[in-house]
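Written out below as structure tokens is the structure these notes cover.
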Amino acid sequence: MLRKLKTVCKMFWEDFLLMVPDLVLNTIAASSFTPRIIRWIIYKAYGIKTEALSIYPGCYIKTRNLTVGGGTFINRGCFFDNISEIVLEENCSVGMEVMFCTSTHNVGSEEKRASSQTIGSPIKVGKGTWIGTRAVILPGVTIGSGCIIAAGSVVTKDCEENGLYAGVPAKRVKDLPMTNENDSLSKECIGVNLKRVQ
């Protein structure tokens, strides 16, 4: 009886230790009522390396393995399953409900294909990249600088710089121009409707 009580107490304590970061990160910091500066302070205090103030409400962050560069914008409802590190470099734009998934399982037997062993691979997103709404970035992916990931795409492999990637799985469908804000080509690119890309 005493052994069972010790086991129950140990399980309760382990669950409690897991709940505290979740409560702080994914309830208080993620609340719509929490100002951005307070959210940023909470993230920094927890050990998340972020220079960006524009992280909007409703984001789920599993651990402190997250680095967000200055000028990056993260919209509402993004999911960071960061068992391994996720790095978003400077000036990235992340649409609503984007999922970054660094974890997976080894393949098990026919009795249970997802084995109990969780494994993780880091995700890196290069400078200036724009990730559209509800895209999914899978474990081990590196997205080069200056890319666009179309809404709803599933990125399973690395993406080379300055490309538009779309589809399930995401494939490079267009090379993007390398310009600056003062170039006439840049001005022509403003307002491009990505829904036309097939």
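- For the pair R39 (side chain) and S31 (backbone), a donor-acceptor distance under 3.5 Å is present.
- Remark: S84 OG to I123 CD1 distance equals 9.0 Å, nearest 0.5 Å.
- For K157, the NZ atom counts as loosely surrounded, since its 6.0 Å shell holds 12 or fewer non-hydrogen atoms of other residues, nucleotides or ligands.
- Residue C78 comes nearest to G95 through the heavy atom pair SG-O, 3.2 Å, listed as atom of the first residue, atom of the second, then distance.
- Expressed to the nearest 0.5 Å, how far CZ of F80 lies from CD1 of I48 amounts to 9.0 Å.
- Taking every heavy atom of both residues into account, T34 and I28 meet most closely at OG1-O, 2.5 Å.
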Donor-acceptor pairs under 3.5 angstrom involving side-chain atoms of residues 52-59: please list them, not counting sequence neighbours.
| from | atom 1 | to | atom 2 | distance (Å) |
| --- | --- | --- | --- | --- |
| S54 | OG | R36 | NH1 | 3.4 |

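- Under the side-chain hydrogen bond (donor to acceptor under 3.5 Å, both in side chains) criterion, D81 pairs with S103, not counting sequence neighbours.
- Residues satisfying the side-chain hydrogen bond (donor to acceptor under 3.5 Å, both in side chains) test with K127, not counting sequence neighbours, are none.
- Counting only heavy atoms from C-beta outward, the side chains of F100 and L88 approach each other to under 4.5 Å.
- V155 and I74 fall within the same hydrophobic cluster, defined by Ile, Leu, Val, Met, Phe, Trp and Tyr side-chain heavy atoms under 4.5 Å apart, directly or through other members.
- Counting heavy atoms from C-beta on, the side chains of R172 and D175 come closer than 4.5 Å.
- The side-chain hydrogen bond (donor to acceptor under 3.5 Å, both in side chains) check on S145 picks up nothing, with sequence neighbours excluded.
- With values rounded to the nearest 0.5 angstrom, K62 atom NZ is found 11.5 Å from N65 atom CG.
- A single hydrophobic cluster is seen to contain both V173 and W130, as judged by linkage of ILVMFWY side chains at heavy-atom distances under 4.5 Å, directly or through other members.
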### Task
Any chance you could lay out the salt bridge (charged side-chain N to carboxylate O under 4.0 Å, His left out) test for E85 and K124, step after step, and finish with the verdict?
CA-CA 8 Å; E85 188 173 24; K124 183 177 179 185; over 6 Å; no
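- By the rule that hydrophobic residues join a cluster once side-chain heavy atoms approach within less than 4.5 Å of another member, V24 and I38 end up as members of one cluster.
- Distance check: I137 CD1 to I86 CD1 gives 10.0 Å after rounding to the nearest 0.5 Å.
- For the pair G167 and S153, the tightest heavy-atom approach, listed with the atom from each and the gap, is N-OG, 3.1 Å.
- L138 has its side chain within reach of V154: a pair of non-hydrogen atoms, C-beta onward, lies under 4.5 Å apart.
- To the nearest 0.5 Å, atom CG of residue N162 and atom CE of residue M178 are 5.0 Å apart.
- Residues meeting the side chain to side chain contact (heavy atoms under 4.5 Å, CB included) test with R134, sequence neighbours left out: E97.
- Inter-residue side-chain proximity for Y46 and L25 is flagged as met; some heavy-atom pair is nearer than 4.5 Å.
- Of the possible donor and acceptor atoms, none in the side chain of S93 sits under 3.5 Å from a partner among the backbone N and O of T129.
- When all heavy atoms of P139 and T104 are compared, the pair lying nearest together is CG-CB, 4.5 Å.
- Two residues are said to be in side-chain contact when any heavy atoms from C-beta on lie closer than 4.5 Å; I143 and I149 meet this criterion.
- In this structure, CD on E160 lies 5.5 Å from OH on Y165, to the nearest 0.5 angstrom.
- With contacts defined as side-chain heavy-atom distances shorter than 4.5 Å, the pair V125/T142 does not qualify.
- Two residues are said to be in side-chain contact when any heavy atoms from C-beta on lie closer than 4.5 Å; T72 and N91 fail this criterion.
- Across N82 and L66, no two heavy atoms sit closer than the pair ND2-CB, 3.7 Å.
- Residues I119 and I83 are members of separate hydrophobic clusters, defined by side-chain heavy-atom contacts under 4.5 angstrom among Ile, Leu, Val, Met, Phe, Trp and Tyr.
- Y43 places a side-chain heavy atom less than 4.5 Å from the side chain of I61.
- Residues forming a side chain to side chain contact (heavy atoms under 4.5 Å, CB included) with K44 (at least two apart in sequence, or on another chain): W40, T50, E51.
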